[in-house]
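To keep things clear, I will list the structure first and then write my remarks on it.
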Amino acid sequence: MYQAPIDEIAFTLKHVTGFAADLEAGLFGDLSEDLVDAIVTEAGRFTAEEIVPLARIGDQKGAVLKDGAVTTPPGWADLYRRWCEGGWNGLTGPEAFGGQGLPTLLSVAAFEMWNSGSMGFAIGPTLTVGAIEALERHATPQLQQKYLEKLVSGEWMGTMNLTEPQAGSDLNALKARAEPAGDGTYRIFGQKIFITYGEHDFADNIVHLVLARLPDAPAGTKGISLFLVPKFFVNEDGSLGDRNDVFCASIEHKLGIHASPTCTMIYGDGKFGDTPGAVGWLIGEENRGLACMFTMMNNARLAVGMQGVGIAEAATQKAIAYAAERCQGRAPGWSGEGMSPIIGHPDVQRMLLTMKAETQMARAITYCCAHALDRARIDEGEEAKAWQARADILTPMAKAFSTDVGVDVASLGVQVHGGMGFVEETGAAVFYRDARIAPIYEGTNGIQAIDLVARKLTLGGGEAIARFLAGLREDHKTVEAASGLGATARKLAAALDDLDAATAFLIEAVKSGDMATAQSGATPYLRLFSLVIGVAFNARAVAASGDEAQGVLVRFMAENLLCETGGLKDRVLNGAGSIEAAAERLLRL
């Protein structure tokens, strides 16, 4: 049974990110460590006692579409109601609309636990939180007044509508259209696919944020606008009115996250209303919708990273519990009678420690990304810009590395269970099935890697990445002065050299316009970078806090995982030529 990893979360929150020092300095007002501890503890309790018991039925029953209405698994709608009553949906919501206005960092910690309980459940509120942020930043005061309070409370939920059958990663191909109605509204026509919680029975109303093109819009992404399209119209007194011309035509039958309805949405075919056309309201400026949507997308990328962390933690806990009970063979040094628990075998220990290490590395990266976003909001001037640049650099790694970790750790969890891991009854396989979508959506991990290399390395003319790498060197000095970390300082120094060499190479490739070379090395570079900061962030925190349990884990990270960086650097520097040659010959280009 899952139990929230309070010690690991507290260590990461307070020491890895530096949040404890921020609280002591009063940077977050009256927020105290005691309140932080209470929030984390209660989120963990809710997960273990409320979400986990319904996770299995969610996976087995799934969401069902009948006559245009989606029904979630038994007990799930009531679970969502209890979750909202606990105030969780408004944790970081604007105080002016009923939210608590707490730091993103606390939301990230809570979402880790909720995803550990059930990714299929947590993914729904994730989109609502993103919609709230998009409307808070870009919507008119009139739309904010009409929609934000109910979204913040969770009475209504939000969605993000980008993908179309012909337009997945490349939104240049987007065809959904919006026609001005002459009264300040627009009529939306088109089909959107893979819309998470596009239709469900959790909330009375669903607020869709939809990308579409105006009739005179320029081609490409510069001609995309963003619209708010509610399932039900909202009357002046706040009550719900007639049904808008939007409906769910089908839901996907997926590998995992079965309880989460992934919908095909049809806008404007005349199913509802007197005339065809889903009524929408413009968010932001015409033809600048992608900039508005990126507010929601960046929020979602960090949130998806938390799915990876949450799944990895839950899979690790289950694997450790199984390995402690399952007896096979006789482990080295076993003195008891009969077979020993497999947790005593060095190779099983290697797998379990790899799972714990990668989970903690991903946790450190995602939490530090959230902390940078929080500091960018509360600081001013150049300090705020520097924190934002740090968040920009961390975001693709928070999304990609963490979701890769979710898949890798869940796969190792199946391996630890042996043949029983391939049997659904043990509950190990569900983590692997659920985790597998996360590297795909909100920008595939390959796209995240390309973003890191093509955009983030050249931020501010290269000053941002130079400042980031200099900070890692300072982290190394702190680790070097510490004791009890084995070869960590030496391994980290070598890995930093690998990172510096790969970074310089890719910056030159981008500057020279050699994007084939840059993109060929992007994915191994993102993993190289992530491994380095995963160790550096945790090792620095151990050196400062003296946490012995985390210290032995950091030593394992450095001495067993950082050895990859040399090979990853070689792939960055020398892999492009073989990719090009092999692709031309073997892929029939």
Side-chain angles (χ1 to χ4, degrees), residues 16-18 21-22 27 104-105 291 294-295 297-299 301-302 305 364-401 443 447-479 492-515 517-519 521-537 539-540 565 568-569 572-573:
V16 176
T17 69
D22 291 348
L27 296 184
T104 300
L105 188 52
F294 260 108
T295 297
M297 289 174 68
N298 282 330
N299 177 299
R301 285 170 177 171
L302 177 56
I365 293 170
T366 50
Y367 282 38
C368 283
C369 182
H371 178 247
L373 288 169
D374 286 328
R375 289 298 302 267
R377 292 191 190 102
I378 67 172
D379 286 20
E380 298 177 351
E382 293 303 314
E383 281 295 313
K385 291 179 181 178
W387 280 110
Q388 185 60 55
R390 182 177 178 82
D392 290 342
I393 291 170
L394 285 170
T395 295
M397 289 182 280
K399 193 277 177 180
F401 179 73
I447 289 174
Q448 301 301 318
I450 292 169
D451 174 62
L452 175 63
V453 168
R455 296 186 179 92
K456 305 306 169 58
L457 295 187
T458 56
L459 270 177
E463 291 184 11
I465 193 65
R467 183 166 53 244
F468 195 105
L469 295 178
L472 293 177
R473 290 291 178 181
E474 291 301 314
D475 292 342
H476 173 257
K477 290 180 182 178
T478 301
V479 175
L492 182 57
L496 283 167
D497 289 342
D498 292 335
L499 178 60
D500 284 345
T503 301
F505 177 83
L506 289 172
I507 288 176
E508 183 57 36
V510 172
K511 286 183 176 179
S512 66
D514 186 2
M515 295 312 297
T517 293
Q519 292 187 18
T523 290
Y525 177 76
L526 185 143
R527 180 165 177 83
L528 191 167
F529 206 152
S530 300
L531 289 171
V532 171
I533 63 177
V535 172
F537 289 172
R540 176 198 63 212
T565 63
L568 292 166
K569 179 195 73 172
V572 172
L573 270 58

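Scope of the values below: all heavy atoms of this structure, side chains included, with no hydrogens, waters or symmetry mates.
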I need the Met397 CE to Tyr525 OH distance, nearest 0.5 Å. 7.5 Å
Tell me, please, which residues at least two apart from Arg301 pass side chain to side chain donor-acceptor pair (under 3.5 Å). none
4.5 Å side-chain heavy-atom contact, Phe505 and Thr517: yes
Pairing residues for Asp392 by the side chain to side chain donor-acceptor pair (under 3.5 Å) criterion, not counting sequence neighbours: Gln388
Do Phe468 and Leu457 come close enough that some side-chain heavy atom pair is under 4.5 Å? no
Just wondering, do Leu302 and Thr395 contact through their side chains at under 4.5 Å, heavy atoms? no
Candidates Thr503, Asp498, Asp497 - the one meeting side chain to side chain contact (heavy atoms under 4.5 Å, CB included) with Lys569: Asp498
Would you confirm whether Asp374, through its side chain, and Leu105, through its main-chain N or O, come within 3.5 Å as a donor-acceptor pair? yes
N/O donor-acceptor pair under 3.5 Å between Arg527 side chain and Phe401 backbone: no
Lys/Arg N to Asp/Glu carboxylate O, Lys477 vs Glu474, below 4.0 Å: yes
Applying side chain to side chain contact (heavy atoms under 4.5 Å, CB included) between Leu531 and each of Leu568, Leu526, Leu499, report the one that passes. Leu568
Taking everything shown except Arg377 itself, do over 12 heavy atoms lie less than 6.0 Å from its CZ? yes
Return the OG1 to CG distance between Thr523 and Leu528, rounded to the nearest 0.5 Å. 12.5 Å
Please check this pair: side chain of Lys399 against backbone of Gly443, looking for a donor-acceptor N/O pair closer than 3.5 Å. yes
Can you tell me how far CD1 of Ile465 sits from CZ of Arg390, rounded to the nearest 0.5 angstrom? 10.5 Å
